[in-house]
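Just below is one structure, and these are the notes that go with it.
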Amino acid sequence: MLAIIGGTGMTQLACLEISHRQVMRTPYGEPSGPLTFGRISNHEIVFLARHGYGHTIPPHAVNYRANLWALQSLKPARVVSVASVGGIRADLMPGTIAVPDQIIDYTHSRKFTYFDGSDRPVTHIDFTEPYCPVTRGRLLAAAKRANEKIIDGGVYAATQGPRLESAAEVNRMERDGADMVGMTGMPEAALAKELGLCYATLAVVANYAAGRGTSAHVIRLEDVHAVLEKAMVSVRDILEQLVELDGD
Ligand code: HPA
């Protein structure tokens, strides 16, 4: 079964025929909302809205540990997270979809590990390749089948939010090697890896990052929402092709 974590612009999945919702409790508290079970093109999937179904939970307050723990308890074949980002690289213009292959973590003060030393031996997971290469490959293949243009790879910079960045911060991230910036990629990816989940991200560019292109002086949220709404149609097409490729 495919698990999908929906981000900003995706609190619901229009192509999903919902069968039921399930409230889950975990040792780490409650996930962002009940898990939604249903079918896409007749294949079973589970969906969770990262920011809650009413989009009320800001990135720094998401219970990432509970979200991934709840999904992991269902033993999904893979977990695809949909996350909106600001484009730093010039070709990552608003509306573009990318499948990042690397991460730089600038977040702080989040609950970022299951191995916090209280009840388990010290464990250092390998994070050389933060995303599952097989799931990345499947997303790229699904985009090809859906005739959707997609960018293979890119460095995702995870920031604390909820504010957007200053132009100087984006310049620094670019010098660090970042191609896109978002607020939810970490600790989500690291927790998924700690749980052994096959996890990858569809990054949807909502705007140019601060100080870049059309965001040279300001980022207008109305524009961001309009871009996301349009791009989500492509995201749905890609996910439909992904479940077809994966089967049950
Ligand atoms: N910065 C951080 N997160 C984001 C952005 C951005 O510009 N756009 C969408 N999510």
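Ligands are counted one by one from 1 in listed order, and the atoms in each one are counted from 1 as well.
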| Under 3.5 Å donor-acceptor, Asn67 side chain and Ser32 backbone | yes

| said: Strictly distance-based, threshold 3.5 Å: is any side-chain N or O of Thr113 a donor or acceptor partner for the main-chain N or O of Asp116? | reply: no

| note | So the salt bridge (charged side-chain N to carboxylate O under 4.0 Å, His left out) pairs with at least one residue in residues 177-190 (sequence neighbours excluded) are Arg50-Glu188, Arg89-Asp179

| Taking the side chain from Asp176 and the backbone from Ala178, do they hold a donor-acceptor pair closer than 3.5 Å? | no

| Pairs satisfying ring-ring contact (aromatic ring centres under 6.0 Å, His included), at least one member in residues 208-246, at least two apart | none

| request: Would you mind listing every side chain to side chain donor-acceptor pair (under 3.5 Å) that reaches into residues 74-87, with sequence neighbours excluded? | output: Arg78-Thr135, Arg78-Asp246, Ser81-Tyr199, Ser81-Thr201

| remark: Those residues with a heavy-atom separation under 4.0 Å from ligand 1 are Ser84, Val85, Gly86, Leu164, Glu165, Val181, Gly182, Met183, Asn207

